[in-house]
Each structure stands twice: as C-alpha cells, then as structure tokens.
Engineer: 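Before anything else, here's the structure in question.
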Amino acid sequence: MLETRNLTKTFGALTAVNSVDLTIEREGIHSIIGPNGAGKSTLFHLLTGYHQPTEGTIRFEGENIEGKSPRTIVDKGISRSFQISDLFDGLTVEENVRIATQSLDENRNSVWKRSDSIDSTRKAETLMEDLDLTEFADTRADALSHGDRRKLEVGLAIAVEPDLMLLDEPTAGMGNEGSAKMVQTIRRIADERDIKLVLIEHDLEMVMEISDRITVLNRGAILKEGDPETIQADEDVQEAYIGTGEGE
Amino acid sequence: MIASQSLPLLAFISVEQAAFLLLNGLALGVLYVLIAAGFAVIFGITDVLNFAHGAFYMVGAYLTLAVVDATGSFFVALIVGPIAVAGIGVVAERLTLSNIYDRSPLYHVLITFGVLLIVTELVEIVWGTGTQFFQTPELLAGAVQVGPIAYPKYRLFTILAGAVIALGTWLLIRYSRFGLILRAGAQDQATARLMGVNIKKYYTLTFALGTFLAAIAGGLASPFLSVNPEMGNGALIIAFVVVAIGGLGSFAGAVVAGLLVGFTQAAVDTFVPALSGFVFYILLLAALLIKPEGILGDYEIRKHAAKLSYDERIPPVPLTDRRVLALLGALLLLPVVGLNTVMSSYGVGLVALMFIWGILALSLDTVTGYTGLISFGHAAFYGVGSYVVALTTLNVTNSFLLSMGAAILVAASIAWLVGAISARLSGLYFAIITFAIGQLLYQMSVSWSGLTGGSNGLSIDRVELLGFVDVSDTVTFYYLALAMLVASYYVAKRIMDSPFGLQLQAIRESERRTTFLGYNTNMAKRRIFAVSGALGGVAGGLFVTLQTFTSPETLFWVVSGDALFAMVLGGVGTLYGPIIGGAVLIGLDQILTIYFDHWRMLLGLILIVIVLFAPRGLVSFYAIGAELLRGERGPFGSAEPEPVEERGD
C-alpha cells in the first residue's frame with residue numbers, strides 16, 4: 001500500500017530519518033515505536049508532505065508522492081493526526097468535525113449555500129455519534145477535556161475518509177483506562193470504514209496487544225521489523241530502549 | 001568638490017561622486033539601522049509590532065532639542081533626551097502592553113497605535129505643529145576634507161555615533177546577563193519563568209531599550225532633517241521596511257538591511273531622483289519575492305501566526321430580526337423626520353459617512369476577524385475606490401453605477417494581487433506587507449500628480465445614478481449609502497455562513513490543520529482578500545461621491561489604523577459589530593473635532609481602554625454590564641481569578 005525507499009531527512013548536521021525502507025501492507029495494524037528522538041514524528045511529517053525529504057522516494061498505491069504538498073497527499077487518501085492536538089479551538093466540536101467532512105463535499109468552496117445545510121453535515125453528525133462526542137456538539141474545542149480533545153484530534157483525521165491513517169500518539173497524556181477505550185473506538189471505526197491504521201505509540205504493552213506488525217526506529221533508521229512476538233524477544237530492541245531509558 | 005580635479009572612476013561616475021555616494025549612503029544607512037534596531041529588538045523579544053516606534057523617534061528629536069535649548073550642549077542633550085524618552089516608553093509599556101502580552105497580536109498592534117495617537121497629540125500640544133529649527137552644534141558645523149572631497153562634519157559624526165551605538169547594543173544583547181535573559185525569554189517564556197526570571201520586567205527593559213534607540217536616532221537625525229510631528233511617520237515606515245528586509249526580529253538583519261537601504265536610497269537619489277520616494281517599497285517587494293523570510297531571517301513564521309482568540313464568555317448582543325428591522329426602519333425614516341425637526345443636511349451627510357465607515361470596518365472584519373489575517377493596509381482599497389470613482393467621473397462617465405463598478409473591479413484586483421504576494425506569509429508579516437503596499441499606493445498618489453492631482457487631490461461635481469437621479473443630493477446619497485451598507489452586510493454574512501466561510505474561520509484557528517484536511521488555504525485567503533478589497537473599494541467610492549473630493553489622505557496608513565480601531569471598537573468577528581464601530585468612530589471623529597483641537601488624543605485613550613477592558617468591543621457591553629450589575633465582575637475583569645488549566649498537550 002505504501003512503500004518508502006532510502007527515505008532520508010537531514011536538518012543541518014542532524015540526520016533525523018536515515019535511509020528508511022518501510023513497507024506498509026494493506027492488512028492489519030502497523031505500529032512504529034522507538035525511543036525519543038528516533039525520528040518517528042519526522043517520518044510522519046515526510047509521509048504527509050509536511051517536510052520534504054532530503055533523499056528517497058515514497059510510493060502510495062503505486063504512485064510517487066514525495067515532494068507533494070500536504071493537501072495533495074490528503075486528496076490521495078492519507079490523513080494524519082498530530083501528537084500535540086491541533087484543533088480549531090475557537091470553533092465548536094460540531095464545526096470542527098463539519099469543516100473536516102466538508103472537505104470532500106462538492107460544495108466545499110461554495111460562498112452562497114449555508115455551510116450547515118450541505119450534504120456533508122449528515123456525515124459530521126454520524127461521526128460525532130461514533131466518537132461519542134454528540135453531547136459536546138456546541139462546546140468550543142478549547143473547552144473540552146484532554147481526553148475528548150484527543151478524540152476530536154483523531155476524529156478530524158477520520159472525517160476526511162482516508163484509505164490510510166497515520167496517528168501520532170493518539171492517546172498521549174491519557175490515563176490507562178481512557179487510552180484502552182480510545183484505542184478500541186479507533187479500531188472499531190477504522191474497521192467499519194476500511195481504513196488502514198499506522199500508529200506511533202509509546203505504550204509498549206498496548207502496542208504489543210493491538211499491532212499486527214511493528215517497526216522499531218532508532219536514531220532515524222529502522223532497527224527491527226516484525227510481528228509483536230519477534231520484536232518483544234529481540235535483544236537489540238531491548239538494548240535500544242534501555243540505552244535511553246525504558247519506554248521513554 | 002572641485003570640478004577640474006575630478007577623476008573618472010567609471011565612464012559615468014567620478015571618484016568624487018563615488019566618495020559622496022559612499023558617505024551619503026553610509027550616513028543614511030546608519031540612521032536607518034538605528035531607527036530599525038530598536039524596533040527589531042522589541043519585536044524579536046516580545047513579538048510586538050510597535051506602531052508607536054515612529055512617535056518615540058519624534059519625541060526623541062523634540063526632547064533632544066529641548067535639552068539643547070536648556071543646557072546649550074548638544075552632546076548632553078543626545079544622552080539625556082533619549083533617556084527621558086525611554087522613561088516615557090516604560091510608563092507607556094507598563095500602562096498598556098504589559099497587561100496584554102498573552103493576547104492576540106491584533107491587540108498589540110492596536111494598543112501601540114493608541115499610544116501613537118496620544119504621544120503625537122501631546123507633542124502637538126507642547127510644541128505645536130510647526131517645524132522646529134535645529135542648529136548643528138558649532139563643533140560639528142562646516143565640512144572637513146575626506147580624501148578627494150569636503151564632507152559635512154555632522155554627517156561624519158552621525159556615521160561614527162551610529163556605529164558606536166549599534167555596536168554597543170549588539171554587545172549588550174550578545175554578552176551581558178541582561179542580553180542572555182532577553183534571548184532566553186524570547187526563546188521560551190515559560191522556561192525562563194521557571195528559572196525564576198521575571199520576564200515581564202525584562203520586557204519592560206526591552207521596551208526601554210527600543211524606545212531609547214528610536215529616540216537617539218531622532219536626536220541624531222534632527223540637525224539634517226526637519227523636526228515636526230509628521231517625522232515619526234517616515235521613521236515608522238523605515239523601521240518596517242528595514243526589519244522586513246532584514247528578517248523579523250533579527251538585530252544583525254536590521255543592520256545589514258539598514259545599510260543596504262541607505263546605500264540604495266543614496267544611489268537612487270543621485271541617479272534616478274524620480275524614483276526617490278519608491279526605494280523602500282521596491283526593495284521590500286523584491287526582498288519578499290526573492291526571500292520572504294528576510295536576509296537573515298532565522299525566524300519561524302508559523303510560530304507567530306496571528307491567532308485571534310475570542311472570549312466567548314462575553315457573548316455579543318444577539319442580532320434578532322426584530323432588532324434589525326427596527327433599526328432599519330429608524331434609519332429609513334431618519335432623513336424624512338430629521339430634516340424637518342432637529343437635523344441639518346450636514347447631519348444627514350454625517351450619518352451617511354457613518355454608513356461608509358461601517359462598510360470599511362466590515363470589509364476589514366472579513367479578513368481580520370474571520371480569517372485571522374491582520375491587514376494594516378485597508379486604506380489602499382478605500383483610497384483606490386475613491387480615486388477610481390473620481391477618475392472615471394472626471395474622464396469617462398458621470399454614471400455612479402459604472403464608476404462604482406470600476407472601483408469595485410480595480411480594488412478587488414489589487415486586493416487579489418496583494419493576497420497573491422502575501423498569502424503565503426502569515427501573522428505579523430501579513431500586517432507589514434499590507435502596510436507597505438498601502439504606503440506604496442499613497443506614495444504613488446502623491447507623486448503621479450498628472451493623474452491624481454498630487455497632494456491637492458481630485459474634485460468632482462455632479463454624479464448621477466444611470467443618468468437621471470442626481471446622487472449629489474444629500475438625501476438621495478443617504479439612501480444609496482444605506483442600500484450599499486445593507487447589501488455589503490448581506491454579502492459578507494452569506495459568505496461567512498457558507499462552507500467557504502467556515503473554511504476561513506478554520507484558517508483563523510489553525511491554518512496548518514486546514515491544509516491537512518485538504519483545503520487550499522492560500523487560494524481561500526486570496527479570494528477573501530479580493531472580496532474584502534472590493535468592499536473597501538465600495539466604501540471609498542461612496543466617500544468621494546459624498547465629499548465630491550478625494551486626496552492622498554484616503555490612502556494614508558492612519559486610515560488603515562482607524563479601520564482596525566473601528567473594527568475592534570464595535571466587536572471583531574461579528575460583522576455587525578464593526579459596522580457599529582465604524583459608525584461610532586467616524587461620528588466621534590467628526591463631532592469631537594468641532595470642540596477639541598486634540599481630539600485624537602481622546603480617541604487614543606478610548607482605544608486603549610477598549611483593548612484593555614473590553615476587547616470584544618461595544619457589542620459585548622451589554623453582557624459586561626449585566627455581569628457588573630450582578631456583581632460577578634469587577635471593573636478589571638471577572639471577579640474570580642481564572643482557573644489555571646493544565647492541559648497535557
């Protein structure tokens with residue numbers, strides 16, 4: 001589904017992503033883990049056009065997308081969420097979701113229709129129900145609890161109906177119970193809507209439980225790749241984590 | 001220079017000419033560096049675009065002059081005067097900016113504009129509006145031989161003094177503890193605070209340093225430029241242009257760009273004097289097109305995206321259909337009833353002028369209130385609208401509909417172009433660029449006198465609505481302006497309620513996220529800027545029809561400042577609030593001017609009070625009043641302290 005070859009990003013003297021050959025298959029949940037500064041978020045930035053690669057190629061469904069703008073890449077079917085929630089704070093939850101679902105509406109640029117009367121409004125309502133956010137429809141995004149903000153963050157990525165969704169630590173800063181529930185919700189919705197999930201996660205226990213395939217990044221390069229059992233048993237991976245502090 | 005000795009350097013320039021050029025360029029450049037350095041220091045550290053910078057430069061010149069008069073020593077004055085100005089700067093900062101550093105840059109811009117209004121009027125009260133004569137100190141009078149040429153001693157002194165001051169400032173920022181804390185605070189306020197640094201105190205000191213530099217530049221410049229209340233305008237433009245070319249907030253960038261602009265100005269003055277007034281703007285536009293972040297801009301533009309955050313706990317007065325209809329009915333009846341009782345035709349004209357300013361402030365609200373782009377150049381569209389109507393009426397047709405159509409078209413096209421140049425810039429860069437383009441058009445209207453009548457402006461007489469209704473009649477015009485206001489509001493409202501309007505508000509809240517939802521945000525910004533420009537053009541076209549006169553004043557940047565003021569005064573981001581704000585501001589303006597010479601000082605005070613205590617403008621007074629009555633709110637905000645919310649992200 002997605003394939004990178006020799007993908008490299010340098011910032012001055014620092015090589016944040018170093019010659020990464022990553023293959024993401026259609027089936028299953030794929031997680032990317034690694035210690036802080038391993039280059040996980042930079043990798044996402046490259047895949048979504050937020051940063052331009054210094055070298056290398058990215059192919060999505062057989063088409064080269066490196067060097068394309070974020071907007072073009074979303075159109076091709078890759079959406080993402082951010083590690084630090086990037087919401088439309090001054091707008092209501094309903095407007096947040098609606099601006100996202102509206103992006104696919106044929107009337108998205110209309111200047112004369114009412115924005116709450118076009119077709120995509122229905123989709124927004126459905127998605128809010130799926131995310132259990134309906135009761136906050138009229139609440140401003142900046143007045144939500146942290147957990148609900150994370151949910152809305154992922155909701156925006158879902159709303160643009162991607163084939164592939166890259167979630168950057170969707171449960172960051174949430175308690176264990178909240179995280180587990182959140183992951184359940186995301187999996188359910190992704191299944192229903194046939195969205196391939198790629199996650200960056202810190203919670204190793206959860207990663208092992210939900211992932212079908214895991215890529216371990218360390219210092220910008222791929223250290224190991226395999227199913228959870230292989231990764232868990234790998235000594236190099238343990239070394240990489242212990243070397244920089246467990247799970248951090 | 002002795003002609004017989006002149007040596008050819010190149011085919012077209014002699015060694016003497018080259019030497020003059022070099023020294024003139026250096027003298028101008030050093031002055032520009034000093035003017036811009038203070039501005040850059042303040043911006044680099046506090047993120048505030050200080051519109052009062054030119055005013056402090058002007059006060060610097062006046063106070064230096066005053067100390068010279070008192071002590072007889074220019075050198076004492078050059079130290080004491082600027083220190084006094086720094087003191088004034090500290091008082092101004094403590095009373096205004098220091099309370100609102102955490103707010104949107106829109107309010108920073110406005111509150112410094114308020115300070116500018118007050119300071120300028122105070123100077124006029126103390127020293128009058130005339131030009132003061134500043135004698136070159138005896139020691140520095142006359143010329144001295146520099147290589148092949150005799151050069152004025154005072155200019156050499158300026159070069160030397162400027163270089164010493166700039167170097168001293170650089171050393172201060174680079175190597176002192178004060179400088180270290182400033183740079184740390186600029187990087188990361190929260191951490192600096194955790195380290196026990198009282199960051200606000202350092203912001204105040206920064207402001208003192210910035211105003212000191214502005215004032216000493218004013219003092220140095222006075223002997224060879226004229227000292228008058230207008231001189232601050234020129235300095236403000238220099239500061240903007242130099243800092244934008246050098247890279248926002250970069251001190252070294254300001255030095256490089258200041259010298260660059262100085263040399264270019266000196267060369268253009270010598271070889272192409274016709275372009276003399278355009279040097280700043282041409283350089284700025286070139287810099288923006290080639291390297292938009294500036295020569296030494298290491299600055300992350302996104303970090304400073306001007307995010308407008310609204311306090312929704314203060315809801316504006318709801319705009320119900322009944323209220324709208326009642327108001328509209330009253331306005332329709334006003335001339336009919338008024339003219340027979342209390343109103344003169346002047347009064348009817350004044351209300352029509354209020355409609356015009358309502359349209360102008362409304363046009364600004366669509367880009368600033370809704371899209372989050374701070375435009376400090378809306379005078380451009382207002383002025384262009386007025387000139388296009390005047391020129392079409394004089395040269396083509398006296399049909400109002402046709403000339404207004406042309407005005408809308410031209411204003412929208414210019415706005416689209418401005419949007420295309422500046423849409424990829426966000427936040428305060430946008431404010432600077434729109435400001436500069438507005439001033440460029442102002443300069444054109446003054447210089448191209450064959451077309452525009454220069455500073456005398458253009459007068460028109462009879463304008464007709466499609467050849468039969470005389471629009472010059474005040475009552476007819478009143479209804480025309482009212483109709484245009486209602487139509488403008490309707491169009492703006494429909495757009496903001498549309499999917500496109502929701503996009504604009506999303507851009508205001510987070511342009512990055514809007515892009516990641518697949519929207520072309522640059523296109524959206526260009527489109528709304530064109531719409532806004534068209535509405536600004538409508539306001540300008542109506543203005544010239546009412547006054548039968550237009551002049552470069554309509555294009556002057558102070559009009560842009562007033563438009564922002566009107567928008568916030570009424571209630572930013574509500575569409576109808578700005579209409580009220582525009583009406584109230586121009587109404588106050590026209591009435592106060594009858595009774596007070598220095599009424600703009602009062603406007604400055606009102607502006608500061610609004611920004612500090614009622615940032616959501618007049619439309620929030622109803623809710624604030626209700627809270628006050630219930631005792632839920634003290635005069636300085638909510639009675640209970642805000643709960644400090646720690647968010648994981």
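Computed over heavy atoms, backbone and side chain alike; hydrogens, waters and symmetry mates excluded.
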Engineer: Would B:Arg512 and A:Tyr50 count as a cation-pi pair here, with the cationic atom under 6.0 angstrom from the ring centre and within 45° of the axis?
Structural biologist: yes
Engineer: Do you know which of A:Pro70, A:Ala159, A:Gly49, A:Ser69 has the most heavy-atom pairs with chain B at a distance under 4.5 angstrom?
Structural biologist: A:Pro70
Engineer: Looking only at heavy atoms, which two atoms of A:Lys113 and B:Pro499 are closest? And how far apart?
Structural biologist: O-CD, 3.3 Å
Engineer: Between chain B and each of A:Val160, A:Asp75, A:Leu156, count heavy-atom pairs under 4.5 Å; write down the option with the most.
Structural biologist: A:Leu156
Engineer: Is it true that atom CD of A:Glu192 has more than 12 heavy atoms of other residues, nucleotides or ligands lying nearer than 6.0 Å?
Structural biologist: yes
Engineer: Does B:Ser498 use its side chain to pair, donor to acceptor, with the backbone of A:Ser110 at less than 3.5 Å?
Structural biologist: yes
Engineer: Are more than 12 heavy atoms from other residues, nucleotides or ligands located less than 6.0 Å from atom CG of A:Asn64?
Structural biologist: yes
Engineer: Which pair of heavy atoms, one from B:Ser510 and one from A:Asp86, lies closest together, and at what distance?
Structural biologist: OG-OD1, 2.7 Å
Engineer: With a 4.5 Å heavy-atom cut-off (strictly below), which parts of residues 114-136 of chain A touch chain B? List them by number.
Structural biologist: A:Arg114, A:Ser115, A:Ile118
Engineer: Should we say atom CD of A:Gln52 is surrounded by more than 12 heavy atoms from elsewhere, each under 6.0 Å from it?
Structural biologist: yes
Engineer: Under 4.5 Å heavy-atom distance to chain B, tell me which part of A:Ala172 shows up: side chain, backbone, both or neither.
Structural biologist: neither
Engineer: Just by distance, do the side chain of A:Ser103 and the backbone of B:Leu517 share a donor-acceptor pair under 3.5 Å?
Structural biologist: yes
Engineer: Under 4.5 Å from any heavy atom of chain B, what part of A:Glu169 do you find: side chain, backbone, both or neither?
Structural biologist: neither
Engineer: A:Val111 versus chain B, heavy atoms under 4.5 Å apart: side chain, backbone, both or neither?
Structural biologist: both
Engineer: Before you tell me yes or no, could you show the steps for A:Phe88 and B:Arg513 under side-chain contact (heavy atoms from CB on, under 4.5 Å), namely the whole-Å CA-CA distance, both residues' side-chain angles and the distance that decides it to 0.1 Å?
Structural biologist: CA-CA 8 Å; A:Phe88 305 112; B:Arg513 194 62 195 249; 3.8 Å; yes
Engineer: How far does CG of B:Asn520 sit from CZ of A:Arg108, to the nearest 0.5 angstrom?
Structural biologist: 8.0 Å
Engineer: Stepwise, does the side-chain contact (heavy atoms from CB on, under 4.5 Å) test hold for B:Arg508 with A:Leu91?
Structural biologist: CA-CA 10 Å; B:Arg508 177 187 73 207; A:Leu91 303 181; 4.0 Å; yes
Engineer: Given the ring of B:Phe516, does A:Arg80 sit roughly above its face, with NZ or CZ under 6.0 Å from the centre of the six-membered ring and within 45° of the axis?
Structural biologist: yes
Engineer: Do the side chain of B:Arg494 and the main chain of A:Trp112 share a donor and acceptor less than 3.5 angstrom apart?
Structural biologist: yes
Engineer: Salt bridge between A:Arg140 and B:Glu509, side-chain N to carboxylate O under 4.0 Å?
Structural biologist: no
Engineer: Any chance you could measure A:Glu95, atom CD, to B:Leu502, atom CG, to the nearest 0.5 Å?
Structural biologist: 6.0 Å
Engineer: Measuring heavy-atom distances to chain B, does A:Thr72 have an atom under 4.5 Å in its side chain, in its backbone, in both, or in neither?
Structural biologist: neither
Engineer: Looking only at heavy atoms, which two atoms of B:Arg527 and A:Asn109 are closest? And how far apart?
Structural biologist: NH2-O, 3.5 Å
Engineer: Quick one: does any side-chain atom of B:Tyr519 pair with a main-chain N or O of A:Ile99 as donor and acceptor, under 3.5 Å?
Structural biologist: yes
